[in-house]
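Take a look at the structure set out below.
For ligands, and for the atoms within them, numbers begin at 1 and follow the listed sequence.
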Amino acid sequence: MSALNVQGIGMTSQRTRDRLIARLGDEGIASFKVLEVMRRAPRHLFMDEALASHAYEDTALPIGHGQTISQPFVVARMTELLLESHPARVLEIGTGSGYQCYVLSQLVEQVFSVERLMPLHQQASRLIRDLGVSNVRFKHTDGGWGWPENGPFDAIMVTAAASSVPQALRDQLSPGGRMVIPVGAGDAQELRVIDHLEPGRFSERTVELVRFVPLVTGAR
Ligand code: SAH
């Protein structure tokens, strides 16, 4: 690709990125911090080049292996919900493309991100390191079991739909911590916010209907 083309993509990206951010604001994303991080985040790098021209549309896109990079609105919404609890250490289940992970890395102290598919784990961790990010630790594992060696976490974000909330994730959520997780099967799942109010006591509410790929786990 010539230098001219590269520049052309860059300019288009910034304009379409700004338009996306304006739209997310119109649709109810209120966190200025989240919007500013997403305005700078190069989403086009987290997908196949052939799809890059769609990177700043508000839609999920395929990333191979039957998986998807989440819709920007959903990334923004889940991130702003998580930040309300002011977490420092965050566990993400389902690294996927790495886009959500990158957004989190710009907003919290330390991110732990796990992915069960080796090629996605490798690709995303390499890309995020290449972007100069040093506050993320990655692991290739079944995230239904969490990452017990590093828990408990101030917040947990699950980016695949669970049939029910895995007990291991509740166990690894600090008191005062928050988990955001899509729950359910089929085309529409409930995006739930679970707060660990005090040791062993949780509150749970549904905030949106969302559509995620399934959490494939041996955990209950
Ligand atoms: N956060 C991602 C979303 C990717 S889609 C992004 O921004 O692109 C969900 C991801 O969860 C997929 O990559 C899928 O392989 C992964 N996944 C599904 N079940 C999992 C499990 N039990 N443990 C870890 N990752 C899982």
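Every atom of ligand 1 with a heavy atom of Thr95 under 4.0 Å away is listed here by number and element: 1 (N), 2 (C), 6 (C), 8 (O). Proximity to Gly96 (heavy-atom distance under 4.0 Å) selects the following atoms of ligand 1: 4 (C), 13 (O). Atom numbering of ligand 1 starts at 1 in the shown order; those under 4.0 Å from a heavy atom of Gln100 are 1 (N), 7 (O). Near Leu117, the atoms of ligand 1 lying under 4.0 angstrom from a non-hydrogen atom of the residue are 15 (O). Residue Ser70 has at least one heavy-atom neighbour below 4.0 Å for each of these atoms of ligand 1: 3 (C). Short contacts between ligand 1 and Thr141, defined as distances under 4.0 Å to a heavy atom of the residue, involve ligand atoms 23 (N), 24 (C). For ligand 1, the atoms closer than 4.0 angstrom to any heavy atom of Gly143 are 21 (C), 22 (N), 23 (N), 24 (C).
Atom 14 (C) of ligand 1 has Gln67 OE1, 3.3 Å as its closest protein atom, hydrogens excluded (heavy atom only). Scanning all protein heavy atoms for the shortest distance to atom 13 (O) of ligand 1 gives Glu115 OE1, 2.7 Å.
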Intermediate values then yes/no, salt bridge (charged side-chain N to carboxylate O under 4.0 Å, His left out), Asp154 and Arg89: CA-CA 5 Å; Asp154 303 320; Arg89 299 169 75 258; 5.8 Å; no
Residues Arg201, Glu198; criterion salt bridge (charged side-chain N to carboxylate O under 4.0 Å, His left out); working and verdict: CA-CA 5 Å; Arg201 201 160 73 83; Glu198 54 186 67; 3.5 Å; yes
Criterion salt bridge (charged side-chain N to carboxylate O under 4.0 Å, His left out) on Asp142 and Arg116, from CA distance to verdict: CA-CA 5 Å; Asp142 175 353; Arg116 64 177 278 275; over 6 Å; no
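Considering Ser97, Pro214, Gly66, Gly94 only, the shortest heavy-atom separation from atom 18 (C) of ligand 1 involves Pro214. Which of Thr217, Thr68, Val213, Thr159 comes nearest to atom 4 (C) of ligand 1 through a heavy atom is settled by distance: it is Thr68.
Heavy-atom contacts from other residues, nucleotides or ligands closer than 6.0 Å to CZ of Arg170 number more than 12.
Side-chain contact between Arg137 and Asn150 is present, with heavy atoms from C-beta onward closer than 4.5 Å. Taking 4.5 Å as the limit, every side-chain heavy atom of Pro182 sits out of range of all side-chain heavy atoms of Arg192.
Residues Gln100 and Ser70 bring no donor and acceptor atom of their side chains to less than 3.5 Å of each other.
Considering backbone and side-chain N/O atoms, Val216 comes within less than 3.5 Å of an N/O atom of ligand 1. At a 3.5 angstrom cut-off on N or O pairs, Leu120 does not count as close to ligand 1.
Remark: Arg43 is positioned above the aromatic ring of Tyr99, its terminal NZ or CZ atom under 6.0 angstrom from the ring centre and at most 45 degrees off the axis.
In Arg116, the parts holding a heavy atom less than 4.0 Å from any atom of ligand 1 are both the side chain and the backbone. Only side-chain heavy atoms of Glu92 come within less than 4.0 Å of ligand 1; its backbone N, CA, C and O stay farther off.
The side chain to side chain donor-acceptor pair (under 3.5 Å) test with Arg77 singles out one residue from Glu27, Gln71, Glu208, and that residue is Glu208.
Between His196 and Phe202, the ring planes lie parallel to each other; the angle is under 30°, not in the 30° to 60° tilted range.
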